Undergrad: 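Dropping the structure in here first, questions after.
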2 protein chains.
Amino acid sequence: MQVSTLNRHGFTAGILPAQCPTRTVLDHVTSKWGVLVIVALSQQDLRWGELRRVVEGVSEKMLAQTLRTLEADGFVNRDAQPTIPPRVDYSLTERGRALAARLLPLMDWIADNADDILSR
Amino acid sequence: MQVSTLNRHGFTAGILPAQCPTRTVLDHVTSKWGVLVIVALSQQDLRWGELRRVVEGVSEKMLAQTLRTLEADGFVNRDAQPTIPPRVDYSLTERGRALAARLLPLMDWIADNADDILSR
DNA sequence: GAGCGTACCCACTTTTTGGTAAGCTACCCA
DNA sequence: TGGGTAGCTTACCAAAAAGTGGGTACGCTC
């Protein structure tokens with residue numbers, strides 16, 4: 001049985017107390033579009049329009065919202081050039097890359113096993 | 001830059017085609033309560049009532065729904081004894097343990113960094 | 001001077017999600 | 001007789017998430 005650092009946050013009394021900050025971050029990170037944006041940016045920096053195309057199915061509203069959250073949490077950098085028409089580049093911060101490093105193995109595993117999992 | 005197996009699933013054309021099975025599994029796995037249930041069961045097998053207490057804040061409805069999904073996907077075992085009153089034990093399957101192995105490092109990292117992330 | 005391009009924001013509506021409370025089972029104990 | 005038990009299910013309703021369509025900015029090209 002693994003002993004994870006989660007124990008330091010009170011696992012024994014119930015996993016992650018209900019209003020623990022971890023819950024909030026978890027929600028941000030594992031949000032439907034949040035994961036996909038992080039994964040997309042882990043491969044290369046992208047600008048707004050590219051993200052919209054690459055993260056297939058996301059609406060402008062959701063993309064904007066997701067990016068604002070991820071930026072506020074310090075996972076992505078927003079680099080806006082004040083040109084006309086505007087150009088905005090998004091990239092992962094150091095922290096974003098640390099997160100991606102933990103997220104990608106999970107995504108890889110899911111991608112590898114998804115067909116199996118659903119075919120039952 | 002990491003080259004992940006995601007590429008095999010058509011990353012270049014857009015990350016994870018919109019109706020890719022991966023998206024479905026991803027939604028199940030990263031659902032709010034799904035993650036917490038998996039993490040809880042990764043530490044020890046638990047019965048219904050224990051899960052309800054350990055996964056703080058979950059309602060009966062949500063717990064039942066989450067467990068049904070995770071069971072259908074083959075992540076958790078449901079062992080119901082036909083006693084009265086009933087007793088039902090939940091545990092991770094082999095596949096569930098494989099998933100947990102990828103999920104726990106992520107959770108640990110989030111738990112370690114949550115305070116930092118939200119204090120900005 | 002009309003229209004295009006990029007990256008948004010806002011208000012409104014629809015869809016989905018989730019909580020609450022009640023009921024059900026079948027036996028055991030008082 | 002009737003209350004407690006464990007693990008659910010269902011119906012109803014509120015809240016949250018997400019889609020839609022509109023608008024903005026400003027310069028550049030036609």
Side-chain angles (χ1 to χ4, degrees), chain A residues 14-19 23-38 40-41 44-73 76-91, chain B residues 14-16 18-19 23-38 40-41 44-73 75-91:
Chain A
I15 186 172
L16 312 177
Q19 52 308 57
R23 291 275 187 107
T24 309
V25 175
L26 187 62
D27 281 350
H28 293 182
V29 164
T30 65
S31 74
K32 174 165 183 173
W33 302 116
V35 188
L36 297 177
V37 167
I38 298 275
L41 291 179
Q44 56 188 306
D45 298 354
L46 293 168
R47 48 190 298 200
W48 168 266
E50 291 169 333
L51 267 173
R52 233 179 90 48
R53 258 167 287 126
V54 160
V55 180
E56 220 178 288
V58 73
S59 68
E60 296 198 339
K61 179 181 159 180
M62 279 302 99
L63 181 55
Q65 203 172 102
T66 302
L67 284 171
R68 261 181 277 126
T69 304
L70 293 178
E71 200 197 344
D73 287 347
V76 311
N77 274 321
R78 178 175 188 270
D79 174 23
Q81 273 115 336
T83 59
I84 298 284
R87 176 194 177 102
V88 183
D89 288 289
Y90 291 95
S91 56
Chain B
I15 186 172
L16 312 177
Q19 53 307 55
R23 292 274 188 109
T24 309
V25 176
L26 187 62
D27 281 350
H28 294 181
V29 164
T30 64
S31 75
K32 174 165 182 168
W33 301 114
V35 187
L36 297 177
V37 167
I38 298 274
L41 290 178
Q44 55 189 307
D45 298 354
L46 292 168
R47 48 190 299 201
W48 169 266
E50 292 170 331
L51 266 173
R52 225 171 108 40
R53 258 167 287 125
V54 161
V55 180
E56 219 177 290
V58 72
S59 69
E60 296 197 337
K61 179 181 160 180
M62 280 301 97
L63 181 56
Q65 203 173 101
T66 302
L67 284 170
R68 262 184 275 126
T69 304
L70 293 179
E71 199 197 346
D73 287 347
F75 293 125
V76 311
N77 272 322
R78 190 190 121 99
D79 175 23
Q81 273 118 332
T83 58
I84 298 287
R87 175 193 175 100
V88 183
D89 288 288
Y90 292 94
S91 55

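Naming: A, B, ... by sequence-line order, numbering from 1 per chain. Just so you know, these numbers come straight off a predicted model, no measurement behind them.
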Undergrad: For a quick test of reading the model: is some side-chain N or O of Tyr90(B) closer than 4.0 Å to OP1 or OP2 of dA6(D)?
TA: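 No, because none of the side-chain N or O atoms of Tyr90(B) sits under 4.0 Å from OP1 or OP2 of dA6(D).
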
Undergrad: Please confirm whether the shortest side-chain N or O distance from Ser59(B) to OP1 or OP2 of dG19(C) is below 4.0 Å.
TA: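 Result: yes.
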
Undergrad: Exactly one of Glu56(B), Met62(B), Glu60(B) should register a side chain to side chain contact (heavy atoms under 4.5 Å, CB included) with Val58(B). Which one does?
TA: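 Among Glu56(B), Met62(B), Glu60(B), the one meeting side chain to side chain contact (heavy atoms under 4.5 Å, CB included) with Val58(B) is Met62(B).
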
Undergrad: Are Leu36(B) and Val54(B) close enough that some pair of their side-chain heavy atoms sits under 4.5 Å apart?
TA: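 When only atoms from C-beta onward are counted, Val54(B) and Leu36(B) do not touch, as no gap falls below 4.5 Å.
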
Undergrad: Give the rounded distance in Å between these two atoms: NZ of Lys32(A) and C1' of dA16(D).
TA: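 One finds 15 Å between C1' of dA16(D) and NZ of Lys32(A), rounded.
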
Undergrad: In whole angstroms, how far is the C1' atom of dA25(D) from the CD atom of Gln81(A)?
TA: 17 Å

Undergrad: How long is the line joining CG of Leu63(B) and P of dA6(D), in whole Å?
TA: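 Spelled out: CG on Leu63(B) to P on dA6(D) is 15 Å.
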
Undergrad: For a quick check of understanding: with a heavy-atom distance under 4.0 Å over all strands, which category does Arg52(B) fall into, base, sugar-phosphate or nothing?
TA: nothing

Undergrad: If you define the side chain from C-beta out and look only at heavy atoms, does anything of Asp73(A) sit under 4.5 Å from Val25(A)?
TA: no

Undergrad: Could you state the CH2-C1' distance from Trp33(B) to dG18(C), rounded to the nearest angstrom?
TA: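 The distance from CH2 of Trp33(B) to C1' of dG18(C) comes to 10 Å, rounded to the nearest Å.
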
Undergrad: Could you tell me whether the phosphate oxygens of dC8(D), OP1 or OP2, come under 4.0 Å of any side-chain nitrogen or oxygen in Arg68(B)?
TA: no

Undergrad: Give Glu60(A) one of three labels, base, sugar-phosphate or nothing, depending on what nucleic acid heavy atoms sit under 4.0 Å from its own.
TA: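 Base, at least one base atom sits under 4.0 Å.
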
Undergrad: Let me know the distance between CE of Met62(B) and P of dT10(D), rounded to the nearest Å.
TA: 13 Å

Undergrad: Could you give the CG-to-P distance, from Asp79(A) to dA7(C), as a whole number of Å?
TA: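 About 12 Å, once rounded to whole Å.
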
Undergrad: Mind calculating the distance between CG (Asp27(A)) and P (dA18(D)) to the nearest angstrom?
TA: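 About 11 Å, once rounded to whole Å.
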
Undergrad: Side-chain N or O of Arg47(A) versus OP1/OP2 of dA7(C): is the shortest distance under 4.0 Å?
TA: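 Answer yes for this pair, as a side-chain N or O of Arg47(A) is under 4.0 Å from OP1 or OP2.
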
Undergrad: Between Leu51(A) and Leu41(A), is there a side-chain heavy-atom distance shorter than 4.5 Å?
TA: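 Counting from C-beta outward, Leu41(A) and Leu51(A) do come under 4.5 Å.
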
Undergrad: Using only side-chain N and O atoms of Arg78(B), determine if any of them is under 4.0 Å from OP1 or OP2 of dC8(D).
TA: yes

Undergrad: Given dG19(C), dG7(D), dC8(C), which nucleotide is nearest the side-chain atoms of Trp48(B)?
TA: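 The listed nucleotide nearest to Trp48(B)'s side chain is dG7(D).
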
Undergrad: How long is the line joining CZ of Arg53(A) and C1' of dT6(C), in whole Å?
TA: 11 Å

Undergrad: Rounded to the nearest 0.5 Å, how far does CH2 of Trp48(B) lie from CG of Leu63(B)?
TA: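 The distance works out to 4.0 Å.
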
Undergrad: Using the closest heavy atom to pick a nucleotide of DNA chain D for each, name whichever of Lys61(A) or Pro86(A) lands nearer the 5' end.
TA: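 In this pair, the answer is Lys61(A).
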
Undergrad: Here's a test of your reading of the structure: between Leu67(A) and Ile84(A), which maps to the more 5' nucleotide of DNA chain C?
TA: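 Taking each residue's closest nucleotide, the earlier one in sequence belongs to Ile84(A).
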
